[in-house]
There are 2 protein chains.
Amino acid sequence: MITEKQPLHGDPDLMSQTSAERDNGSPAQYQLNNDHLQRAAFLAKSLSDGNRLRILLLISDGKKSVSTIVEKLELSQPLVSHHLKELKRSLMVKVERDGPFIYYELADARILDVVRILSQVATDLLSERTTF
Amino acid sequence: MITEKQPLHGDPDLMSQTSAERDNGSPAQYQLNNDHLQRAAFLAKSLSDGNRLRILLLISDGKKSVSTIVEKLELSQPLVSHHLKELKRSLMVKVERDGPFIYYELADARILDVVRILSQVATDLLSERTTF
DNA sequence: TCAACTTATAAATGAATATTTATATACTGG
DNA sequence: CCAGTATATAAATATTCATTTATAAGTTGA
């Protein structure tokens with residue numbers, strides 16, 4: 001069997017989509033086909049943790065070492081490493097070594113744009129809900 | 001009656017953040033404080049599943065009944081209901097009843113903007129990575 | 001009321017994930 | 001090489017989550 005219908009969660013990577021199986025009839029309403037959606041979902045998963053967003057925000061104005069992130073965010077060092085690994089897996093950060101230090105930097109400024117929009121939308125949705 | 005459901009255990013809500021505890025020294029670099037990041041993370045979690053993105057895309061050009069979503073996306077009805085519940089929890093969909101049919105509609109067009117940006121960023125990050 | 005249809009919920013299962021604690025690996029100066 | 005520092009990884013745990021199967025609940029027309 002080659003193609004399963006459900007996108008199984010095996011050991012996913014950003015590039016683990018091989019399909020372009022069927023277009024389901026719907027003419028890619030907004031230029032978004034299923035592969036596009038899967039990739040977007042993959043990035044969204046990386047953005048779905050508050051501590052990772054704090055890390056992304058912190059490294060958005062220039063590279064920071066792991067120890068700097070640990071100090072500024074008051075998180076344990078293994079936890080920061082764990083989250084950085086996830087962010088690296090989704091290609092959201094660039095990594096650079098300088099001696100014993102390893103510097104992480106936001107890979108694409110649009111990622112922070114997305115976070116800002118999400119924050120604004122969340123605020124608006126909440127106010128719409130509570131305004132009546 | 002319409003939108004209020006009894007929580008099973010104590011499931012979180014978009015508004016479960018009450019803090020504004022500390023600003024951690026960092027001066028809200030981009031107008032984003034910790035609460036903003038938590039709310040953004042909450043929405044991102046709703047966007048982190050491919051099937052939910054498929055649903056959001058489908059209902060982005062007008063309300064659709066559950067059965068329509070089931071047919072077009074070829075997902076089981078309980079699975080669609082489950083995802084719609086999650087989308088409702090994050091306030092991303094508006095719900096409207098008409099007889100036996102229940103129609104779901106995208107609550108805010110910017111949500112689809114976010115999906116598009118994420119898709120584009122993912123594509124770009126992949127090409128940057130594989131181009132060398 | 002009954003029967004058919006539409007949608008929601010419950011229970012079960014397996015996989016993913018965030019966090020902690022403990023340990024390993026890698027780099028540098030002496 | 002050694003000691004110290006910086007970072008990563010392993011193991012363990014508890015929680016969350018996507019999916020399936022089965023069943024309930026709400027709506028409408030007869």
Side-chain angles (χ1 to χ4, degrees), chain A residues 4-13 16 37-38 41-42 44-55 59 63-90 93 95-105, chain B residues 1-13 16 37-38 41-42 44-56 59 63-90 93 95-105:
Chain A
E4 293 281 322
K5 198 168 74 167
Q6 300 300 335
L8 242 355
H9 288 259
D11 191 277
D13 211 87
S16 62
L37 294 182
Q38 291 303 328
F42 192 87
K45 196 170 60 182
S46 265
L47 298 178
S48 68
D49 180 272
N51 282 332
R52 277 198 292 271
L53 293 191
R54 297 211 291 148
I55 292 174
I59 66 178
K63 55 189 180 188
K64 302 279 186 303
S65 70
V66 177
S67 47
T68 297
I69 298 171
V70 167
E71 288 169 17
K72 296 243 186 189
L73 301 188
E74 296 181 9
L75 299 173
S76 76
Q77 180 268 315
L79 183 56
V80 169
S81 266
H82 165 76
H83 284 310
L84 288 172
K85 186 178 184 178
E86 169 64 26
L87 292 172
K88 194 166 58 179
R89 203 165 66 102
S90 60
V93 295
V95 193
E96 179 186 330
R97 170 155 233 152
D98 180 28
F101 296 93
I102 303 185
Y103 291 95
Y104 288 82
E105 179 176 17
Chain B
M1 312 310 200
I2 301 175
T3 53
E4 282 298 317
K5 295 296 177 189
Q6 268 310 92
L8 302 175
H9 319 307
D11 41 355
D13 210 84
S16 60
L37 294 182
Q38 288 303 122
F42 191 88
K45 196 171 59 183
S46 264
L47 299 178
S48 68
D49 181 89
N51 282 332
R52 277 198 292 271
L53 294 190
R54 297 211 293 147
I55 292 174
L56 289 175
I59 67 178
K63 56 188 179 187
K64 303 279 185 304
S65 70
V66 177
S67 48
T68 299
I69 298 171
V70 166
E71 288 169 17
K72 296 243 184 188
L73 302 187
E74 296 180 12
L75 299 173
S76 77
Q77 181 267 316
L79 183 55
V80 170
S81 266
H82 165 76
H83 285 310
L84 288 171
K85 186 178 184 178
E86 168 66 25
L87 292 172
K88 194 166 57 177
R89 204 164 64 100
S90 61
V93 295
V95 193
E96 180 185 333
R97 169 155 232 152
D98 180 29
F101 297 92
I102 302 185
Y103 292 94
Y104 287 82
E105 179 177 16

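Just so we're on the same page: letters track the sequence lines, and every chain starts at 1. The figures here come from the full heavy-atom set of this structure, side chains too, leaving out hydrogens, waters and symmetry mates. What you see is a predicted model; the values in this text were computed from it and never measured.
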query: Rounded to whole angstrom units, what separation is found between the CD atom of B:Glu74 and the C1' atom of D:dT19?
result: 17 Å
query: Can you check whether A:Pro78's main-chain N or O pairs, donor with acceptor, with A:Ser81's side chain at less than 3.5 Å?
result: no
Dump the pairs, protein N or O against N or O of nucleotides 24-30 of chain D, anything under 3.5 Å, distances to one decimal.
none

task: Return no unless some side-chain N or O of A:Lys85 is found under 4.0 Å from OP1 or OP2 of D:dT7.
output: no
query: Tell me, do B:Thr68 and B:Glu71 make a side-chain contact under 4.5 Å, heavy atoms counted?
result: no
- prompt: Any side-chain N or O of B:Ser67 under 4.0 Å from OP1/OP2 of C:dC5?
  reply: no
Protein-nucleotides 19-24 of chain C N/O pairs under 3.5 Å:
{"unit_1": "C:dT19", "atom_1": "OP1", "unit_2": "A:Asn51", "atom_2": "ND2", "d": "3.1"}
{"unit_1": "C:dT19", "atom_1": "OP2", "unit_2": "A:Asn51", "atom_2": "ND2", "d": "3.4"}
{"unit_1": "C:dT19", "atom_1": "OP2", "unit_2": "A:His83", "atom_2": "NE2", "d": "2.7"}

field: Spacing between A:Phe101 atom CZ and C:dG29 atom P, to the nearest angstrom
entry: 11 Å
message: How close do A:Arg54 and A:Leu75 get, counting heavy atoms only, and between which atoms?
response: NH2-CD2, 3.7 Å
- prompt: Less than 4.5 Å apart, any side-chain heavy atom of A:Glu86 and any of A:Asp49?
  reply: no
task: Could you tell me the separation between the NZ atom of B:Lys64 and the C1' atom of C:dT6, rounded to a whole number of Å?
output: 18 Å
- request: Compare side-chain N and O positions of A:Lys45 against OP1 and OP2 of C:dT17 and report whether any pair is under 4.0 Å apart.
  value: yes
message: Just to be sure I understand the rule, does B:Ser81 reach a base, reach only the sugar-phosphate, or reach nothing, if contact means heavy atoms closer than 4.0 Å?
response: base
field: Integer-rounded Å distance: D:dT19 C1' and B:Ile55 CD1
entry: 13 Å
message: Any heavy-atom pair between the side chains of A:Val95 and A:Leu84 that's under 4.5 Å?
response: no
field: Side chain to side chain, A:His83 and A:Ile69, heavy atoms closer than 4.5 Å
entry: no
message: I need the minimum non-hydrogen distance between B:Gln77 and B:Val70, along with the two atoms involved.
response: CA-CG2, 3.7 Å
field: Close side-chain approach of A:Val80 and A:Leu73, heavy atoms under 4.5 Å
entry: no
message: For A:Tyr104 versus A:Lys88, what's the shortest heavy-atom pair and its separation?
response: OH-NZ, 4.2 Å
task: Rounded to the nearest angstrom, tell me the gap between atom OH in A:Tyr103 and atom P in D:dA8.
output: 13 Å
query: Can you check whether B:Tyr104 has a side-chain N or O nearer than 4.0 Å to OP1 or OP2 of C:dT6?
result: no
- prompt: Can you check the A:Glu71 CD to D:dT7 C1' distance for me, whole Å?
  reply: 14 Å
- prompt: When the distance from CZ of B:Arg89 to P of C:dA8 is rounded to whole Å, what number comes out?
  reply: 16 Å
statement: B:Leu84 atom CG is separated from D:dC17 atom P, nearest whole Å, by 16 Å
